[in-house]
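Here is the structure we will look at, set down as structure tokens.
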Protein chains: 2
Amino acid sequence: MLESDVYKRMIHAREKMSKSHKKIANYLIEHHETAPFLTASKLAKNVKVGEATVIRFAFFLNYRGYPDLQRHLQEALQRKMTSAEVLARTTDEDNFTENVVREVLGDDIQNMKQTLNQVDTAVFEQVVNEMIKAKRIYIIAYRSATSIGTFLEFYLDLILQNTEMIHQADGVSEHLLDITKDDLVIGLGFSRYTRRTVEVLKYVKQSDAKTVVITDHLLSPLVPYGDYKLVATTEINSFIDSFAAPMSIASALITALTRAEHVKVEKRLKELEGLWETFDVFYD
Amino acid sequence: MLESDVYKRMIHAREKMSKSHKKIANYLIEHHETAPFLTASKLAKNVKVGEATVIRFAFFLNYRGYPDLQRHLQEALQRKMTSAEVLARTTDEDNFTENVVREVLGDDIQNMKQTLNQVDTAVFEQVVNEMIKAKRIYIIAYRSATSIGTFLEFYLDLILQNTEMIHQADGVSEHLLDITKDDLVIGLGFSRYTRRTVEVLKYVKQSDAKTVVITDHLLSPLVPYGDYKLVATTEINSFIDSFAAPMSIASALITALTRAEHVKVEKRLKELEGLWETFDVFYD
DNA sequence: ATTTTTATGAAATATTTATTTCATTTTATG
DNA sequence: CATAAAATGAAATAAATATTTCATAAAAAT
């Protein structure tokens with residue numbers, strides 16, 4: 001039986017290998033992150049064997065040639081990457097679309113994984129810092145994106161008391177006049193980007209306020225107007241976008257903010273707790 | 001100044017790109033896990049541009065040739081990969097803000113998987129049927145749950161023109177008086193359940209309207225008042241709940257509805273498309 | 001509408017990379 | 001320590017891949 005995983009195949013055949021072959025196998029295993037991208041001659045040079053020996057090694061493992069071996073090494077690396085995710089992943093077997101809920105939830109899990117993989121944690125951290133520093137925070141979100149905007153506005157205003165969303169209006173909101181360089185503007189826009197969102201952000205960028213855009217793609221029209229860009233994938237097989245991933249990013253922003261400022265936030269929440277109790281806001 | 005990160009370089013040069021170049025950039029960004037391993041000719045074939053254009057794209061971004069661009073794409077992928085590996089090792093011990101995004105996204109992926117596993121597809125289908133049958137749809141959502149309510153209201157009203165959300169108000173909304181047995185009421189409530197949500201649902205149940213509750217737990221106080229119950233897990237390690245999973249359920253509801261009623265919906269969307277064009281709602 | 005500029009892809013060419021050949025060295029075996 | 005068998009690397013050849021050329025098409029400017 002022929003092993004499908006390259007590394008297992010190597011380990012399995014380890015005893016039958018010549019000295020040079022063992023050296024090659026060793027190198028491939030030790031440099032599993034870089035070796036899959038080397039050409040045959042460079043690999044030969046690094047391992048200090050002849051080029052031909054590298055080629056023979058590929059044949060020895062029953063591959064059709066060096067490019068074939070290389071392809072398998074690269075694929076194994078990618079598999080490792082996804083399995084390195086903290087989360088036990090959904091077995092792709094149960095991903096056949098038995099019905100719409102499962103299909104959409106499945107797609108959204110993919111979206112979140114992709115978002116997790118491509119998120120730039122340094123940028124995220126900077127955004128949290130800007131939120132802490134900001135005198136006022138303005139949120140720009142129109143049409144469907146309002147949902148995410150509402151969520152952010154609710155919690156940011158709860159915690160910081162300095163946040164408001166600029167609502168869809170016929171004319172341009174008067175609030176835009178008030179924005180100064182000490183403020184932070186968060187723009188939310190996803191595929192079928194609403195023109196007004198782009199225009200407002202463009203206008204805002206003229207004042208010296210810092211801007212954050214949360215969008216679905218690095219080539220989105222909002223990107224040019226964001227000092228910081230957070231990308232959350234929203235693609236599902238539907239005429240709408242799904243905002244699961246942006247929602248998660250929003251939750252992460254609020255969570256990070258409260259952790260960074262936990263002393264202030266705890267004080268504030270204690271006060272609120274009293275208020276909520278007085279007005280019997282929650283069910284228990 | 002020349003950007004070192006390939007993707008940043010692409011974003012920076014985005015405006016100066018020709019149509020074909022944008023197509024290539026798009027493809028590279030969307031397939032960032034596979035594209036770095038393609039040869040120039042295969043990439044050209046996938047993007048449906050000439051081979052030469054791909055080469056030109058590499059020069060355009062100031063690389064020495066296609067292999068150089070390819071090397072940078074691969075390196076960028078590896079950087080992300082190793083940072084994913086680092087994440088795999090860091091457990092909940094260190095709560096530095098840098099890892100909060102990954103932590104929350106990871107938790108939310110878990111939430112979505114759990115939601116996927118426990119969702120009752122039969123109930124989901126029934127809910128979609130009730131939405132189709134309903135004369136009017138009312139959405140009850142207060143405080144943070146408003147975000148999900150907004151999303152549902154936006155699209156349901158877009159498609160069916162018979163949906164509204166009952167907003168948080170000091171007194172009880174007058175809309176409640178209008179609810180009849182032909183209507184559908186969707187209640188949204190998650191942990192720290194707002195008392196008013198429960199009360200309003202309780203009241204609604206006295207009329208003979210059908211009710212759906214979307215909540216985070218089968219023991220939630222909303223459950224007794226729902227003819228249909230959809231459970232979406234929202235737990236993250238934070239003082240807030242994350243609504244990624246409920247958002248995905250909402251997207252699924254709208255998607256299922258549009259698929260079931262695609263003739264009507266397509267007609268409606270066609271009309272809207274004209275309106276949107278007239279008022280130049282979308283960018284591009 | 002017409003000209004000029006720019007971008008494009010097919011094909012030709014150049015370069016790089018993989019494979020084979022073959023003389024030589026190493027290793028295993030009696 | 002011979003001798004056969006196996007393995008090796010340098011060089012030659014083959015194959016694949018990248019780059020350039022050039023005629024044509026698309027966009028932009030006039």
Side-chain angles (χ1 to χ4, degrees), chain A residues 6 9-29 31-77 219 221, chain B residues 6 9-29 31 34-77 283-284:
Chain A
V6 211
R9 209 184 272 202
M10 282 196 266
I11 290 160
H12 193 253
R14 140 178 47 74
E15 283 129 349
K16 291 167 195 159
M17 285 182 195
S18 70
K19 238 176 175 176
S20 302
H21 282 185
K22 273 184 191 151
K23 271 168 77 184
I24 295 169
N26 248 320
Y27 186 94
L28 290 181
I29 288 169
H31 301 80
H32 66 276
E33 289 199 356
T34 51
F37 308 120
L38 299 175
T39 63
S41 66
K42 275 179 194 153
L43 177 58
K45 210 173 143 198
N46 291 358
V47 184
K48 295 202 177 69
V49 298
E51 205 174 331
T53 306
V54 169
I55 304 300
R56 288 187 195 106
F57 182 77
F59 288 133
F60 168 78
L61 289 179
N62 266 100
Y63 291 106
R64 319 176 71 147
Y66 182 74
D68 191 29
L69 166 62
Q70 196 182 38
R71 210 192 78 238
H72 279 81
L73 288 168
Q74 289 173 356
E75 277 171 5
L77 182 57
L219 295 179
Chain B
V6 209
R9 210 183 270 202
M10 282 196 261
I11 291 159
H12 194 255
R14 145 181 38 74
E15 283 130 347
K16 289 167 195 159
M17 283 183 196
S18 70
K19 238 176 177 173
S20 302
H21 282 185
K22 273 186 190 148
K23 271 167 77 185
I24 295 170
N26 246 316
Y27 186 93
L28 291 181
I29 288 170
H31 301 79
T34 51
F37 307 119
L38 299 174
T39 63
S41 65
K42 274 178 194 153
L43 176 58
K45 210 173 143 199
N46 290 358
V47 183
K48 296 200 177 68
V49 299
E51 205 174 330
T53 305
V54 169
I55 305 300
R56 287 187 196 107
F57 182 77
F59 288 132
F60 168 77
L61 290 178
N62 266 101
Y63 291 106
R64 319 177 72 144
Y66 180 76
D68 191 28
L69 165 63
Q70 196 182 36
R71 210 192 79 237
H72 279 82
L73 287 168
Q74 289 173 355
E75 278 171 5
L77 180 59
Y283 189 90
D284 258 349

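A note on names: the letters A, B, ... follow the listed sequences, proteins ahead of strands, and every chain is numbered from 1. Just so we're clear, the structure is a prediction, and the values are computed from it rather than from any experiment.
Among all heavy-atom pairs drawn from B/Leu61 and B/Arg9, the shortest one is O-NH1, 2.6 Å. Of all non-hydrogen atoms in A/Ile29 and A/Met10, the two that sit nearest each other are CG1-CE, 4.3 Å.
Under the 6.0 Å cut-off for aromatic ring centres, B/Phe37 and A/Phe37 qualify, their centroids lying closer than that.
Rounded to whole Å, the distance from CG on A/Asn46 to P on D/dG9 is 14 Å. In this structure, B/Arg71 places its CZ atom 15 Å from P of D/dA18, rounding to the nearest Å. Following rounding to the nearest Å, B/Phe59 (CZ) and C/dT6 (P) show an atom-to-atom distance of 19 Å. Atom CE in B/Met17 sits roughly 18 Å away from atom P in D/dA27 (whole-Å rounding). Separating the CZ atom of B/Arg56 from the C1' atom of C/dG9 is a distance of 8 Å, rounded to the nearest angstrom. The separation between A/His21 atom NE2 and C/dT26 atom C1' is 14 Å, rounded to whole Å. Distance, B/Leu43 CG to D/dT17 C1': 13 Å, rounded to whole Å. Whole-Å rounding puts the B/Lys16 NZ to C/dT6 C1' distance at 17 Å.
The phosphate of C/dT27 (OP1 or OP2) has no side-chain N or O of A/Ser18 nearer than 4.0 angstrom. Side-chain nitrogen and oxygen atoms of A/Lys19 include none within less than 4.0 Å of the OP1 or OP2 phosphate oxygen of D/dA6. A close approach under 4.0 Å does not occur between any side-chain nitrogen or oxygen of A/Ser41 and OP1 or OP2 of C/dT17. A sub-4.0 Å separation between OP1 or OP2 of D/dA7 and a side-chain N or O of A/Ser20 is absent. In this structure, B/Thr39 does not reach the D/dA16 phosphate: none of its side-chain N or O atoms is under 4.0 Å from OP1 or OP2.
Residue B/Glu51 has its side chain nearest to D/dT19 when only C/dT27, D/dT19, D/dT8 are considered. Closest to the A/Ile55 side chain, of the nucleotides C/dT19, D/dT8, D/dT20, is C/dT19. When the nucleotides C/dA10, D/dT8, C/dT20 are ranked by their closest atom to the side chain of A/Ala52, C/dT20 comes out on top. Comparing D/dT19, C/dT20, C/dA18 by their nearest atom to the side chain of A/Tyr66 picks out C/dA18.
Side-chain atoms of A/Arg71 never come within 3.5 Å of backbone atoms of A/Asp68 as a donor-acceptor pair (strictly under, hydrogens ignored). Between the side chain of A/Glu51 and the backbone N or O of A/Ala44, no donor-acceptor pair lies under 3.5 Å.
Using the Watson-Crick or G-U wobble rule with both distances under 3.5 Å, C/dT5 pairs with D/dA26.
At the heavy-atom level, A/Val49 lies under 4.0 Å from the strands shown only through sugar-phosphate atoms.
Nearest-nucleotide mapping onto DNA chain C: of B/Pro67 and B/Lys48, the residue sitting toward the 5' end is B/Lys48.
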